[in-house]
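Below is a structure I'd like to ask you about.
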Amino acid sequence: MKRRRPIPQPPSTPPTPTLLKTLVSNSKPTSNSSKKPMILIKTPQTPPPTTPISPKWVPLNIAKSELSLALTFPTGQTFRWKQTTPLQYTGVIGSHLISLKHLQNGDVAYLIHQSPSEENARSALLDFLNVGISLSEMWEVFKASDSRFAELAQYLGGARVLRQDPLECLIQFLCSSNNNIGRITKMVDFVSSLGNYLGSVGGFDFYEFPSLDRLSMVSEEDFREAGFGYRAKYIIGTVKALQSKSGGGIEWLASLREMDLQEVVDALSTLPGVGPKVAACIALFSLDQHHAIPVDTHVWQIATRYLIPELAGARLTPKLCSRVADAFVSKYGKYAGWAQTLLFIAELPSQKTILPPKFWAIEENKDTNIKASTTGNGPCGSSLSITKSC
DNA sequence: GGGAGACCTAGTAA
DNA sequence: ATTACTAGGTCTC
């Protein structure tokens, strides 16, 4: 279970007027001290003293075919949202703490736990959910041109791309490099806990995402002690780089939403810790770059299986990365990133339960190389087990 | 350009 | 009980 994490101590000057959160200071343990020494303990957490909100579920006019929570939130776009009950997902958008669930008819409903303004919360939510974009319409196009997509779409309807806050997205994917989901989540939880506490739902604590200034008060060593490993310096360096932007780092990030994908990727890549994969994630998940393709090993497998088989067996080099991205874009067009999202989800082990077995394993190759060697544990021993490099 | 290693860490497979 | 390897990569020679 998650537990409250102590957070590093901010230097004396409070950059922003944090409401009501008291921080106990303590001296920095640059010392030997054991592994666990945490720098400071946050005082007991009480929710902000905002006006009490009568919690009630409010229906949104969004069908499950447009938004499936289970296919959108736990699939690697964000590590900030938690499954707080079997059918409910909870997260923070700006300063709003919100839960989502499906109603009986499948439509999505929301509940505001904490917010300075319910009206703003709703519009922030709609923006976050990217509701201006019709999933079913774009999928019709994909399905028409790709029979495999059409089949998968039957089972994976509502796999949507969110429109996250750019800074939040950037920091999250900085944590993601060469890492696994469990640990990424822990790291993101740590970063989140630096922000203002908003409330607790289903045993999880929720926080506003910390500001750039707040992040800048955390040292590389603090992050390392929190288990970030070499990514600690990425975060420090990126925060610093953002702060040095004339006009402000947040504004700089926001301005990328108006730019072309290549410019966006180039700009992001100047930040330490941001390579092609991470840049594409940020571009797709927060900067309106709907045809950005985050090419990782999974996507590489998909691509070499269905899109550019002539490259099967090759090693994934940066150049081939862009070749893969190009292949996706020429097949799926300006929303290629959304198409890729569905194909990616279909590869996740967690989806095996809802996909028929025919999708589990790699389709039998004419090459008998990949003989089914799974004798023990059923057909799905590991579907992703094409060896990475041959 | 492209290839090789190093880099943090927790979990799992030999 | 060690060792090797992997996991939504990036950086530096």
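Reckoned from all heavy atoms, side chains included, excluding hydrogens, waters and symmetry mates. To find a chain, count down the sequence lines: A is the first, B the second, and so on, and within it residues start at 1.
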**Report entry** Results of salt bridge (Lys or Arg N to Asp or Glu O under 4.0 Å) for A/D127 - residues two or more places apart only
**Finding:** A/R163
Report task. Please collect all side-chain hydrogen bond (donor to acceptor under 3.5 Å, both in side chains) contacts where either partner lies in residues 266-281 of chain A, sequence neighbours excluded, each pair once. Result ->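 Listed by first then second residue: A/Q262-A/D266.
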Requested in this report: Dot-bracket for DNA chain C, please, read 5' to 3', with Watson-Crick or G-U wobble pairs under 3.5 Å on both distances, ( ) within the strand, [ ] crossing, | other strand, . unpaired.
Outcome: .||||||.|||||
Query raised in the report: Which residues, ordered by chain and number, are linked to A/L261 in its hydrophobic cluster, where ILVMFWY side chains connect at heavy-atom gaps below 4.5 Å, directly or through other members?
Result: A/V265
**Report entry** Other ILVMFWY residues reachable from A/V141 by side-chain steps of under 4.5 Å
**Finding:**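 Joined to A/V141, directly or through intermediates: none.
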Less than 3.5 Å apart, which donor and acceptor atoms pair up between the side chains of residues 68-75 of chain A and the rest of the protein, not counting sequence neighbours?
residue : atom : partner : partner atom : Å
A/S68   : OG   : A/L71   : N            : 3.3
A/T72   : OG1  : A/S68   : O            : 2.8
A/T72   : OG1  : A/G158  : O            : 3.2
A/T72   : OG1  : A/R160  : N            : 3.2
A/T75   : OG1  : A/L71   : O            : 3.4
A/T75   : OG1  : A/T72   : O            : 3.2

Quick one: which protein N/O atoms are closer than 3.5 Å to N/O atoms of nucleotides 10-13 of chain C? Pair and distance per line, please.
residue : atom : partner : partner atom : Å
C/dT10  : OP1  : A/G275  : N            : 2.8
C/dT10  : OP1  : A/G275  : O            : 3.1
C/dT10  : OP1  : A/K277  : N            : 3.4
C/dT10  : OP1  : A/V278  : N            : 2.9
C/dT10  : OP2  : A/K277  : N            : 3.4
C/dC11  : OP1  : A/G273  : N            : 2.7

Requested in this report: Not counting sequence neighbours, which residues clear side chain to side chain contact (heavy atoms under 4.5 Å, CB included) with A/I181? List them please.
Outcome: A/F79, A/T185
Please list, one pair per line, the donor and acceptor atoms closer than 3.5 Å that link side chains of residues 239-253 of chain A to other protein atoms, with sequence neighbours excluded.
residue : atom : partner : partner atom : Å
A/Q243  : NE2  : A/D213  : OD1          : 3.0
A/Q243  : NE2  : A/S216  : OG           : 3.4
A/S244  : OG   : A/A241  : O            : 2.8

Collect all protein-nucleotide pairs involving nucleotides 11-14 of chain B in which both atoms are nitrogen or oxygen and the distance is under 3.5 Å.
none

Report task. Sequence neighbours left out, what passes side chain to side chain donor-acceptor pair (under 3.5 Å) with A/E263? Give chain and number order. Result ->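 Once residues adjacent in sequence are excluded, A/E263 has no partner under the side chain to side chain donor-acceptor pair (under 3.5 Å) criterion.
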Query - Non-neighbouring partners of A/K82 that pass side chain to side chain donor-acceptor pair (under 3.5 Å), sequence neighbours left out - result: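 Listed in chain order: A/D189.
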